[in-house]
Asker: 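Take this structure, written in structure tokens, and hold onto it; I'll ask about it next.
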Amino acid sequence: MVLPFRGHFPETRLRRMRRHAWSREWLREHRLTPHNLVQPLFVREETMEESAHAMPAMTPVTLDGLIQKGREALSYGIGSVMLFPIVPASKKDERASDAVNPDNLICRAIKHLRHHVPSLGVICDVALDPYTSHGHDGLWRHGDVDNDKTLEILTRQAIMQADAGCHVLAPSDMMDGRIGAIRQALDRHGAHHVLILSYAAKYASSLYAPFRDVLGSTRSLQGASKEQYQMAIANREEALREVMMDIEEGADMVMVKPGLCYLDVLHCLKEHYAFPLAAYHVSGEYAMLHAAAEKGYLSYDDALLESLLAIKRAGATMIISYGALDAARLLQP
């Protein structure tokens, strides 16, 4: 039981404990470390030319560049990276055929990374939007995404990525039932060791725009918006239901996305569930820090660390951030 605080000024002066750096450390309730962070990486084919996009600090890398980034992450104490493929328009179609091609870019990237940086954790997105010509996260039929048909392809994609050596599968599509379908398929396949990090509370946010610009999916998005399957930004209690269902279906961790603008949701989930909880500091949140720093409005370094610590304070076990490497450098002793 926490007793009520009854101190009164001038006998009680809270500033006394803030006077010295060492006494401020005594009071520190939360600590951000590189081990809390995951660095997302965009991977491109060797033959693809680099193009301008909304996140100039996040240049897509080739397979060889991926190795360099992976080793750099480890050197700063970041234990895992999250991979996203830049798929050429020529390989996109309505059925996301390349998503289940065992020789696609992401499978080659997983194998390359596991071979050259075996101690690094590899997390992969499980979703169809990088591969669909219409830009949606599932099979698009008659003005809607076909939930159950999409599950069949997501399951095949997940098994394929697991076979390639992925440690953590992160379904981001927001289809109903996909965690249970993937978990059951992995277990039948003998891949009991593969973790599932569910994008359980993924909101239909405007803050994904820079990410979609890098992937090229903004230009290809057709039909209705993703609000048909991603959560409404006004809702919090719905997140409790989404998380509860994904835990029951076999998720090993659950995620809130976006992170910084949804700290109330993150904290609410932390209060309700004793369960590993991730947050995604998304592209828009990251790009705004860069843009404000370029204008001279704030310090990028200070604002980045403050943003990530706020996410940690709200309850995140792990934080995915495009600024993870930058933060890890700043956190070095």
Side-chain angles (χ1 to χ4, degrees), residues 42-45 48 51 53-54 82-107 124-161 169-182 184-185 196-235 238 242 245-246 249 255 257-258 280 282-284:
F42 296 103
V43 190
R44 65 176 176 88
E45 297 280 9
M48 293 179 69
S51 57
H53 54 75
M82 194 168 192
L83 306 182
F84 296 95
I86 309 296
V87 181
S90 60
K91 292 189 176 181
K92 298 183 180 186
D93 60 28
E94 290 188 357
R95 296 193 58 80
S97 301
D98 198 50
V100 290
N101 170 13
D103 194 42
N104 68 13
L105 175 61
I106 206 67
C107 287
C124 290
D125 183 42
V126 180
L128 305 186
D129 54 325
Y131 304 94
T132 55
S133 54
H134 45 71
H136 281 283
D137 296 58
L139 299 182
W140 187 252
R141 292 184 177 182
H142 311 299
D144 193 9
V145 168
D146 188 325
N147 190 98
D148 295 5
K149 289 293 183 182
T150 297
L151 294 186
E152 298 174 10
I153 301 179
L154 292 173
T155 300
R156 290 171 58 196
Q157 182 185 31
I159 293 294
M160 189 184 68
Q161 291 180 357
L169 299 170
S172 65
D173 55 285
M174 288 298 287
M175 296 299 112
D176 289 333
R178 88 269 202 217
I179 302 303
I182 292 171
Q184 291 169 27
I196 296 178
L197 165 60
S198 170
Y199 286 64
K202 182 179 180 180
Y203 286 84
S205 171
S206 61
L207 296 169
Y208 309 146
F211 172 88
R212 291 174 182 166
D213 189 44
V214 177
L215 257 60
S217 61
T218 302
R219 295 182 293 277
S220 60
L221 190 62
Q222 302 171 12
S225 75
K226 296 192 176 189
E227 292 177 344
Q228 288 192 355
Y229 42 95
Q230 294 176 1
M231 285 180 52
I233 62 174
N235 295 358
E238 185 182 10
E242 287 281 3
M245 289 180 67
D246 285 0
E249 288 180 19
M255 183 199 298
K257 183 181 180 183
Y280 203 137
V282 299
S283 59

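Note that these values count all heavy atoms, side chains included, but never hydrogens, waters or copies made by symmetry. Predicted model, so just to flag it, every value in this text is computed and none were measured.
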Asker: Mind listing the closest non-hydrogen atom pair of Ser172 and Asp137 along with its distance?
Answerer: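 Shortest heavy-atom contact: O-OD2, 3.9 Å.
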Asker: Can you give me the closest heavy-atom contact between His136 and Tyr229, atom names plus distance?
Answerer: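 Shortest heavy-atom contact: ND1-OH, 2.8 Å.
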Asker: Working to the nearest 0.5 Å, report the span between CD of Gln161 and CG of Leu83.
Answerer: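 Gln161 CD to Leu83 CG: 9.0 Å, rounded to 0.5 Å.
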Asker: Are Ile153 and Val100 side-chain neighbours, meaning at least one heavy-atom pair lies under 4.5 Å?
Answerer: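 SC-SC contact between Ile153 and Val100 confirmed.
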Asker: Just verifying a value: how many Å separate Ile233 CD1 and Asn235 CG, rounded to the nearest 0.5 Å?
Answerer: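 So the gap between those two atoms works out to 9.5 Å.
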Asker: Hey, are Asp129 and Arg212 close enough for a salt bridge, meaning a charged N less than 4.0 Å from a carboxylate O?
Answerer: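 Judged by the 4.0 Å cut-off on N to carboxylate O distance, Asp129 and Arg212 do not form a salt bridge.
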Asker: Mind listing the closest non-hydrogen atom pair of Leu215 and Pro85 along with its distance?
Answerer: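 Between these two residues, the closest heavy atoms are CG-O, 4.0 Å.
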Asker: First locate atom CG of Asp173, then atom NZ of Lys226, and finally report the distance between them rounded to the nearest 0.5 Å.
Answerer: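 So the gap between those two atoms works out to 10.0 Å.
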Asker: Taking 4.0 angstrom as the limit, do Glu45 and Lys91 come out as a salt bridge?
Answerer: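 A salt bridge links Glu45 with Lys91.
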Asker: With a 3.5 Å distance limit and no angle check, can you tell me whether Gln230 reaches the backbone of Ala201 through a side-chain donor-acceptor pair?
Answerer: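 Not confirmed, Gln230 side chain does not pair with Ala201 backbone.
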Asker: State, yes or no, whether a side-chain contact exists between Ile106 and Tyr131 at a heavy-atom distance under 4.5 Å.
Answerer: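 Yes. Closest side-chain heavy atoms under 4.5 Å.
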Asker: Are side-chain heavy atoms of Tyr208 and Tyr280 found at a separation under 4.5 Å?
Answerer: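 Side-chain contact under 4.5 Å: no.
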Asker: Could you tell me which non-hydrogen atom of Ala209 sits nearest to which non-hydrogen atom of Ser283, and how far apart they are?
Answerer: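 That closest heavy-atom pairing would be N-OG, 4.3 Å.
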Asker: For the residue pair Arg141 and Lys149, establish whether any side-chain heavy-atom pair is separated by less than 4.5 Å.
Answerer: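 Touching, per the 4.5 Å side-chain cut-off.
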Asker: Drop me the distance from Met175's CE to Leu151's CG, to the nearest 0.5 angstrom.
Answerer: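 Answer rounded to 0.5 Å: 8.0 Å.
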Asker: Give a yes or no on whether a salt bridge exists between Lys92 and Asp98, defined as a side-chain N under 4.0 angstrom from a carboxylate O.
Answerer: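 Between Asp98 and Lys92 there is no salt bridge, as every charged N stays at least 4.0 Å from the carboxylate O atoms.
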Asker: Is there a donor-acceptor pair closer than 3.5 Å between any side-chain N or O of Ser133 and the backbone N or O of Glu94?
Answerer: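 Here the side-chain-to-backbone pair exists.
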Asker: Evaluate side chain to side chain contact (heavy atoms under 4.5 Å, CB included) for Val145 paired with Thr150, printing each intermediate quantity in order.
Answerer: CA-CA 8 Å; Val145 168; Thr150 297; 3.7 Å; yes
Asker: Taking only residues at least two apart or on different chains, which pairs with a member in residues 196-207 satisfy side-chain hydrogen bond (donor to acceptor under 3.5 Å, both in side chains)?
Answerer: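 Those involving residues 196-207 are Ser198-Asp246.
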Asker: Between Leu139 and Glu152, is there a side-chain heavy-atom distance shorter than 4.5 Å?
Answerer: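 With C-beta onward as the side chain, the pair stays apart.
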Asker: Run the side chain to side chain contact (heavy atoms under 4.5 Å, CB included) test on Glu249 and Met245 for me, step by step, so that the C-alpha distance in whole Å, both residues' side-chain angles and the decisive distance to 0.1 Å come before the verdict.
Answerer: CA-CA 6 Å; Glu249 288 180 19; Met245 289 180 67; 4.2 Å; yes
Asker: To the nearest 0.5 Å, how far apart are CE in Met160 and CG in Asp103?
Answerer: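 Reported value, rounded in 0.5 Å steps: 10.0 Å.
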Asker: Calculate, to the nearest 0.5 Å, the distance between atoms CD1 and CG belonging to Ile159 and Leu154 respectively.
Answerer: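 CG of Leu154 is found 12.0 Å from CD1 of Ile159.
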Asker: Quick one, Leu169 and Leu197 - any side-chain contact, counting heavy atoms below 4.5 Å?
Answerer: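 Contact flag for Leu169/Leu197 side chains = no.
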Asker: Please name the pair of heavy atoms, one in Ala99 and one in Leu128, separated by the smallest distance, quoted to 0.1 Å.
Answerer: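 Between these two residues, the closest heavy atoms are CB-CD2, 3.9 Å.
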Asker: Regarding Ser97 and Asp93, do their side chains bring together a donor and an acceptor under 3.5 Å, going by distance alone?
Answerer: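 The answer is yes; a qualifying pair exists.
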Asker: Closest approach of Pro171 and Ile182, non-hydrogen atoms and distance?
Answerer: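 Heavy atoms of Pro171 and Ile182 come nearest at CG-CD1, 3.7 Å.
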